[in-house]
Amino acid sequence: MKILVTGGCGYIGSHTVVKLLEEKFEVVIIDNLVNSKREVLEKIKKITGSDVTFYQEDLCNLDALKNIFKKEKFDAVIHFAGLKAVGESVQIPLKYYQNNLISTMNLLSCMQEYGVKKLVFSSSATVYGNPKSLPIKEDFPLQTTNPYGTTKLMIEQILKDVYQANPDLDITILRYFNPIGAHKSGLLGEDPNGIPNNLMPYVVRVAMGTLPVLSIFGSDYNTIDGTGVRDYIHVLDLAKGHLLALKNPKSGLKIYNLGTGKGTSVLELVNMFEKVNQVKVNKKFTARRDGDIDACYASNEKAMKELGFKCEYTLEDMCKDSYNYAKNNINL
Ligand code: NAD
Ligand code: UD1
């Protein structure tokens with residue numbers, strides 16, 4: 001089976017490509033490298049011993065995309081490509097709407113033109129906004145608080161409309177919770193540009209001494225210790241979820257949460273990171289970050305029941321693997 005992986009050089013895409021190659025799928029990556037590096041391809045080869053076909057191309061270029069579809073004859077598409085920085089999306093919303101929406105619409109027209117029926121799409125828990133209760137189920141009301149999140153919600157709507165008009169399509173929307181961790185080899189991981197916004201990449205840099213101190217945003221949340229609670233999931237478990245979605249015999253339009261179903265507070269995560277890595281993380285409490293919510297974790301019952309999804313890795317693994325990748329790869 002030949003799979004197109006858009007954004008396959010990125011953080012989640014590269015881990016998924018490794019799993020696909022390990023299961024003997026043929027992989028073609030399209031990535032414009034706007035937020036990733038070509039070296040990832042060599043690392044994938046080093047881990048799996050297998051080659052992928054790579055096109056450095058922008059999905060917003062419809063003609064180029066059509067040519068690739070014509071040549072490659074895909075059986076299915078996993079669509080990771082997109083811009084994902086929440087703060088930047090507030091500053092430059094048009095960049096996010098243009099990139100994330102046009103790329104997806106181009107992809108859908110090519111799939112239609114070349115008869116590709118199966119799509120797995122990367123959505124986010126951000127589409128639930130501030131949930132009324134926990135754990136979050138797939139049928140909870142949807143709302144967003146920033147342009148990045150709105151692009152995910154709009155794409156979900158586009159997929160629902162396109163499916164309504166073409167019920168022979170087979171579309172899976174995966175709503176990720178908070179992916180962290182890295183490949184066990186230490187070769188693949190998350191390496192955001194500039195000063196990180198997300199918790200784990202920030203913790204890693206403080207532990208390595210490149211950033212002086214971690215600001216813990218808020219200590220008065222209605223949670224176990226006053227700090228924000230999230231559902232952190234190992235990127236390798238997340239990657240596995242995509243293979244299960246691809247192999248799911250159930251057709252139609254399906255939506256699944258991919259999370260562990262367990263909430264972890266900022267302090268719990270930092271304490272675990274210090275313990276398993278035997279390293280100190282300087283920290284201070286500061287004001288809440290605008291737009292943050294108290295707690296967010298998934299009900300993963302639907303994914304467990306329908307996909308056989310089960311998380312293998314613990315918070316301890318996530319902390320170890322994130323630090324291992326950083327020590328080996330990040331030029332701090
Ligand atoms: P990433 O930035 O590491 O990977 C995305 C890849 O897409 C990058 O390699 C980038 O170069 C590529 N890309 C972006 N726009 C493109 C375009 N127009 N044409 C071709 N390539 C393009 O991000 P990630 O963390 O691997 O996330 C993958 C997907 O999952 C994204 O859609 C993201 O919004 C979604 N998601 C991520 C998280 C997270 O915390 N990482 C959470 C929820 C959802
Ligand atoms: C953020 C995005 C969300 C996106 C997700 C994954 C916002 C408001 N939300 O979610 O849309 O899908 O990333 O990319 O940006 N924290 C600190 N100090 C830090 C960084 C974070 O205390 O330096 C805390 C936060 O307040 C939160 C937790 O750590 O309680 C996790 O934060 P983060 O990793 O940014 O993820 P989310 O806020 O869940």
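Ligands are counted one by one from 1 in listed order, and the atoms in each one are counted from 1 as well. Just so it is clear, the structure is predicted and the values come from calculations on it, not from any experiment.
The cationic atom of R230 (NZ for Lys, CZ for Arg) does not lie both less than 6.0 Å from the six-membered ring centre of Y297 and within 45° of the ring axis.
For a threshold of 3.5 Å applied to N or O pairs, the pair formed by D292 and ligand 2 contains at least one separation below that value. For ligand 2, the polar-atom distance check against N146 finds no nitrogen or oxygen pair separated by under 3.5 Å. The shortest N/O to N/O separation between I216 and ligand 2 does not fall below 3.5 Å. For ligand 2, the polar-atom distance check against L199 finds a nitrogen or oxygen pair separated by under 3.5 Å. At least one N/O-N/O distance between S36 and ligand 1 falls below 3.5 Å. No N or O atom of K84 sits closer than 3.5 Å to an N or O atom of ligand 2.
Counting heavy atoms of neighbouring residues, nucleotides and ligands inside a 6.0 Å radius, atom CG of L33 exceeds 12 of them. Counting non-hydrogen atoms of other residues, nucleotides and ligands closer than 6.0 Å to NZ of K46 gives a total of 12 or fewer. In the displayed structure, K327 atom NZ is contacted under 6.0 Å by more than 12 heavy atoms of other residues, nucleotides or ligands. For K37, the NZ atom counts as loosely surrounded, since its 6.0 Å shell holds 12 or fewer non-hydrogen atoms of other residues, nucleotides or ligands. The neighbour count for K302 NZ, taken as heavy atoms of other residues, nucleotides or ligands under 6.0 Å away, is above 12. Summarising the local packing, CD of E72 is surrounded by more than 12 heavy atoms from other residues, nucleotides or ligands at distances under 6.0 Å. The environment of N222 atom CG is sparse: at most 12 non-hydrogen atoms of other residues, nucleotides or ligands sit within 6.0 angstrom. Within 6.0 Å of atom CG in D139, more than 12 heavy atoms from other residues, nucleotides or ligands are found, so the atom counts as buried in its surroundings.
Nearest heavy atom pair, residue Y313 against residue D237, reads N-OD2, 3.0 Å.
Among all non-hydrogen protein atoms, the one lying nearest atom 10 (C) of ligand 1 is D31 OD1, 3.4 Å. Protein heavy atom closest to atom 34 (O) of ligand 1, with residue, atom name and distance, is Y148 OH, 2.7 Å. Of all protein heavy atoms, the one lying nearest to atom 39 (C) of ligand 1 is P179 CG, 3.5 Å. Shortest contact from atom 19 (N) of ligand 1 to any protein heavy atom: L59 N, 3.0 Å. For atom 2 (O) of ligand 1, the closest non-hydrogen atom of the protein is N35 ND2, 2.7 Å. Scanning the protein for heavy atoms near atom 37 (C) of ligand 1, the closest one is I12 CD1, 3.8 Å. Nearest protein neighbour of atom 22 (C) of ligand 1, counting heavy atoms only, is N32 OD1, 3.1 Å. The protein heavy-atom contact nearest to atom 11 (O) of ligand 2 is T126 OG1, 3.2 Å. Protein heavy atom nearest atom 5 (C) of ligand 1, with residue, atom name and distance: G82 O, 3.9 Å.
At least one heavy atom of K152 sits less than 4.0 Å from an atom of ligand 1. The shortest separation from a heavy atom of R230 to ligand 2 is under 4.0 Å, placing the residue in contact. Remark: distances from the non-hydrogen atoms of S124 to ligand 2 include one below 4.0 Å. Heavy atoms of F285 come nearer than 4.0 angstrom to ligand 2 in no pair at all. Heavy-atom distances between P192 and ligand 1 stay at or above 4.0 Å for every pair.
Of the candidates K84, Q98, H79, it is K84 that places a heavy atom closest to atom 25 (O) of ligand 1.
Within ligand 2, counting atoms from 1 as listed, the ones closer than 4.0 Å to a heavy atom of N197 are 20 (C), 35 (O). Residue N178 approaches ligand 2 through these ligand atoms, each under 4.0 Å from one of its heavy atoms: 36 (O), 37 (P), 39 (O). Which parts of ligand 2 touch S215 is read off a 4.0 Å heavy-atom cut-off, strictly below it: atoms 17 (C), 18 (N), 19 (C), 22 (O), 23 (O). Remark: ligand 1 atoms within the under-4.0 Å shell around heavy atoms of E57 are 19 (N), 20 (C). Atoms of ligand 1 found under 4.0 Å from any heavy atom of L33, numbered from 1 in the order shown, are 11 (O).
Using a cut-off of 4.0 Å between Lys/Arg side-chain N and Asp/Glu carboxylate O, E23 and K247 are scored as salt-bridged.
At a heavy-atom distance under 4.0 Å, no atom of A125 approaches ligand 1. Counting heavy atoms closer than 4.0 Å to ligand 2, residue V266 contributes side-chain atoms (C-beta onward) but none from N, CA, C or O.
To the nearest 0.5 Å, atoms CG (L246) and CZ (F25) are separated by 5.0 Å.
Between the side chains of T104 and H79, a donor-acceptor pair is found at a separation under 3.5 Å.
Between H242 and the choices Y256, F309, F80, the ring pair (Phe, Tyr, Trp, His ring centres under 6.0 Å) rule is met once, by F80.
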